[in-house]
Amino acid sequence: MNIFVGSLPFSLEEADLRESFEAYGAVESVKIITDKFTGRSKGFGFVEMSNDDEAQKAIDELNGATVAGRTIVVNKSEPRPEGERRTFNNNRSGGGGFNRDNNRSGGGFNRDNNRGGGDYNRGGRY
């Protein structure tokens, strides 16, 4: 069974996480997810246990436990359906930066000559 473990302290090591779960049975693998640029923990990870009964006992007893002052979340990890990926919405409204859309206003530089709302507007006063 693949187990999701969230709200982990950023200082927790994979060996520490493995040790916590080994109290309930054999652990196949442990992976704490890290930021690819900084290498810092993202505060969640996955533990894989081969025996489902032992894994369920670990989930039941560790979910809500306190580790280094943080209450962790432990539950069964459901596999992501194939092809489902996180999307990034490039058409969001809001301020800041450079807006080319003539229907929005916000901060920063706006090409819209009819709306205000930022530091520099081409049609407005400086």
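Every heavy atom of this structure was used, including side-chain atoms; hydrogens, water molecules and symmetry mates were not. As the structure is a computational prediction, the values presented were derived from the model and not from experiment.
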Any side-chain heavy atom of Thr34 sitting closer than 4.5 Å to one from Lys42? no
If you look at every heavy atom in Val30 and Leu17, which pair is closest and at what distance? CG1-CD2, 3.7 Å
Rounded distance [0.5 Å steps], CG in Leu12 versus OG in Ser7: 12.0 Å
side-chain contact (heavy atoms from CB on, under 4.5 Å) for Val5 and Phe46? Distances and angles first, verdict last. CA-CA 6 Å; Val5 187; Phe46 298 92; over 6 Å; no
Closest heavy-atom contact between Arg70 and Leu8? NH1-O, 3.6 Å
Using 0.5 Å steps for rounding, measure from the OG atom of Ser20 to the CD atom of Glu61. 12.5 Å
With a 3.5 Å distance limit and no angle check, can you tell me whether Arg18 reaches the backbone of Val27 through a side-chain donor-acceptor pair? yes
A quick test of your reading: do over 12 heavy atoms of other residues, nucleotides or ligands sit less than 6.0 Å from CD of Glu13? no
Got a list of side-chain donor-acceptor pairs under 3.5 Å for residues 50-59, not counting sequence neighbours?
| residue | atom | partner | partner atom | Å |
| --- | --- | --- | --- | --- |
| Ser50 | OG | Glu28 | OE2 | 3.4 |
| Asn51 | OD1 | Asp53 | N | 2.8 |
| Asn51 | OD1 | Glu54 | N | 3.0 |
| Glu54 | OE1 | Ala26 | N | 3.4 |
| Gln56 | NE2 | Asp60 | OD1 | 2.9 |

Point-to-point distance, once rounded to the nearest 0.5 Å, from CZ of Phe44 to NZ of Lys31: 10.5 Å
To the nearest 0.5 angstrom, please state how far the CG atom of Asn2 sits from the CD atom of Glu78. 9.5 Å
With the side chain counted from C-beta on, respond yes when Val47 and Phe4 share a heavy-atom pair under 4.5 Å apart, and no when they do not. no
Identify the two heavy atoms, one from Val74 and one from Asn63, that lie closest to each other, and give their separation to 0.1 Å. N-OD1, 2.9 Å
Contacts of type side chain to side chain contact (heavy atoms under 4.5 Å, CB included), residue Ser41, not counting sequence neighbours: Phe10, Ile32
Could you check Glu48 against Met1 for side-chain contact (heavy atoms from CB on, under 4.5 Å), going step by step and ending with a plain yes or no? CA-CA 6 Å; Glu48 192 171 348; Met1 177 185 297; over 6 Å; no
To the nearest 0.5 Å, what is the distance between CG (Asp35) and CZ (Arg40)? 9.0 Å
